[in-house]
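Some notes on the structure that comes next.
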Amino acid sequence: MELVELFGVIAPTLRAAIRAIYMSGMLNPATTQRCDLATPASWATFYKLEVVIALAFRLNSYEASRVRQKVLESLCPRKENEANLLILSNNRQNISS
């Protein structure tokens with residue numbers, strides 16, 4: 001239920017996205033999820049960070065876009081006072097003898 005709240009989607013949408021990620025072969029459920037007894041009558045499934053990040057790029061919701069933005073910001077931090085400038089020059093001098 002935490003992932004449903006994090007991504008702002010309904011449970012069937014989340015389950016379908018997780019199933020699609022596993023079916024694509026991108027991630028392996030044996031290494032990225034764990035099921036534990038939450039209460040004597042129910043089980044809880046825990047997912048590794050790889051699944052959460054994959055879901056952020058798979059789901060189309062405002063919350064998922066915020067998670068994507070945070071992931072990308074942490075991978076490629078920007079410095080506000082630093083500017084990148086690219087200058088391309090196409091000057092060729094013809095040398096004839």
Side-chain angles (χ1 to χ4, degrees):
M1 290 310 293
E2 289 87 4
L3 291 177
V4 168
E5 292 177 20
L6 175 66
F7 291 117
V9 295
I10 58 175
T13 302
L14 182 71
R15 283 193 300 269
I18 292 170
R19 197 170 30 254
I21 289 168
Y22 288 148
M23 287 180 67
S24 73
M26 186 173 22
L27 296 174
N28 182 355
T31 59
T32 58
Q33 75 179 29
R34 185 182 84 228
C35 295
D36 285 337
L37 194 61
T39 65
S42 67
W43 290 86
T45 304
F46 299 93
Y47 297 96
K48 288 191 173 185
L49 184 60
E50 295 100 326
V51 176
V52 176
I53 293 171
L55 286 168
F57 286 90
R58 179 121 187 138
L59 296 170
N60 187 21
S61 67
Y62 172 76
E63 293 84 353
S65 70
R66 298 288 296 152
V67 173
R68 282 192 300 270
Q69 181 181 4
K70 290 297 181 186
V71 167
L72 292 174
E73 284 175 3
S74 68
L75 291 174
C76 308
R78 290 185 187 176
K79 295 182 180 178
E80 294 297 324
N81 59 358
E82 194 175 291
N84 294 328
L85 180 63
L86 176 64
I87 300 175
L88 299 175
S89 176
N90 196 11
N91 292 338
R92 292 185 180 181
Q93 297 178 351
N94 291 332
I95 301 174
S96 56
S97 353

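Count residues from 1 along the sequence.
- Y22 approaches V51 most closely through the heavy-atom pair OH-CG2, 3.7 Å.
- Other members of the cluster containing L37 are W43, with ILVMFWY side chains joined at under 4.5 Å, either directly or via other members.
- Residue E50 holds its CD atom at 7.5 Å from OG1 of T31, rounded to the nearest 0.5 Å.
- A salt bridge does not link R66 with E63: none of the charged nitrogens is closer than 4.0 Å to a carboxylate oxygen.
- Residue Y62 is not grouped with residue L55 when hydrophobic side chains (ILVMFWY) are merged at heavy-atom distances under 4.5 angstrom, including chains of intermediate members.
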Just distance, no hydrogens or angles: give the donor-acceptor pairs under 3.5 Å from side chains in residues 2-20, sequence neighbours left out.
none

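- For the atom pair CG of L49 and OG1 of T32, the computed distance is 11.5 Å after rounding to the nearest 0.5 Å.
- Rounded to the nearest 0.5 Å, atoms CZ (R68) and OG (S61) are 7.5 Å apart.
- In this structure, M26 CE and I21 CD1 are separated by 5.0 Å, a value rounded to the nearest 0.5 Å.
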